[in-house]
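All remarks here apply to the structure that follows.
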Amino acid sequence: MNTRNLVTVLSIMILVGTEVFGVAIAGGWAIAGLFELGHIVGYALMGIFSLFALYILTILWRRCMAVEPITGA
């Protein structure tokens, strides 16, 4: 196990993850507030955008593993 690559990948995932989820939640809140859609729709938008953020993080994880493998030679 390559701990140096593991630390690098986890650091990237934490940094990018907080940014992406922050944008997702803030975007849902802002759209719901801008169009006066109410709290329920705001929470639904935050959830939908968070699922999209999770999809983005999954793609990032796969690309990170291709560049910085944790296992192997």
Side-chain angles (χ1 to χ4, degrees):
M1 172 174 251
N2 192 342
T3 57
R4 186 173 183 175
N5 288 355
L6 178 65
V7 170
T8 301
V9 170
L10 288 179
S11 299
I12 290 170
M13 294 302 293
I14 290 170
L15 176 66
V16 174
T18 55
E19 292 174 1
V20 170
F21 277 107
V23 167
I25 292 172
W29 171 79
I31 290 173
L34 182 65
F35 295 113
E36 298 178 1
L37 300 174
H39 295 293
I40 303 293
V41 176
Y43 293 138
L45 286 174
M46 289 180 207
I48 291 168
F49 292 160
S50 293
L51 288 175
F52 183 66
L54 185 63
Y55 174 71
I56 290 173
L57 286 177
T58 304
I59 292 172
L60 178 65
W61 176 263
R62 290 178 182 165
R63 290 185 180 183
C64 285
M65 289 296 101
V67 174
E68 298 280 340
I70 294 174
T71 59

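Being a predicted model, the structure only gives us computed values, none of them experimental.
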In a table with atom names and distances, give each donor-acceptor pair under 3.5 Å that connects a side chain of residues 28-45 to protein atoms at least two apart or in another chain.
none

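- In this structure Leu60 satisfies the side-chain contact (heavy atoms from CB on, under 4.5 Å) test together with Ile12, Met13, Val16, Leu57, Cys64, sequence neighbours excluded.
- Hydrophobic side-chain contacts under 4.5 Å tie Val23 to no other Ile, Leu, Val, Met, Phe, Trp or Tyr residue.
- Between Phe52 and Val20, every side-chain heavy-atom pair lies at or beyond the 4.5 Å cut-off.
- Residue Val67 shares its hydrophobic cluster (ILVMFWY side chains chained together at separations under 4.5 Å) with no other residue.
- Looking at heavy atoms from C-beta onward, Asn2 lies out of side-chain contact with Pro69 at the 4.5 angstrom threshold.
- Here Leu51 sits alone; no ILVMFWY side chain lies under 4.5 Å from its own, so it joins no hydrophobic cluster.
- Ile59 is linked by a side-chain contact (heavy atoms from CB on, under 4.5 Å) to Tyr55, Arg63, counting only residues two or more places apart in sequence or in another chain.
- Under the side-chain contact (heavy atoms from CB on, under 4.5 Å) criterion, Glu19 pairs with Leu15, not counting sequence neighbours.
- Residues meeting the side-chain contact (heavy atoms from CB on, under 4.5 Å) test with Ser50, sequence neighbours left out: Phe21, Ala24, Ile25.
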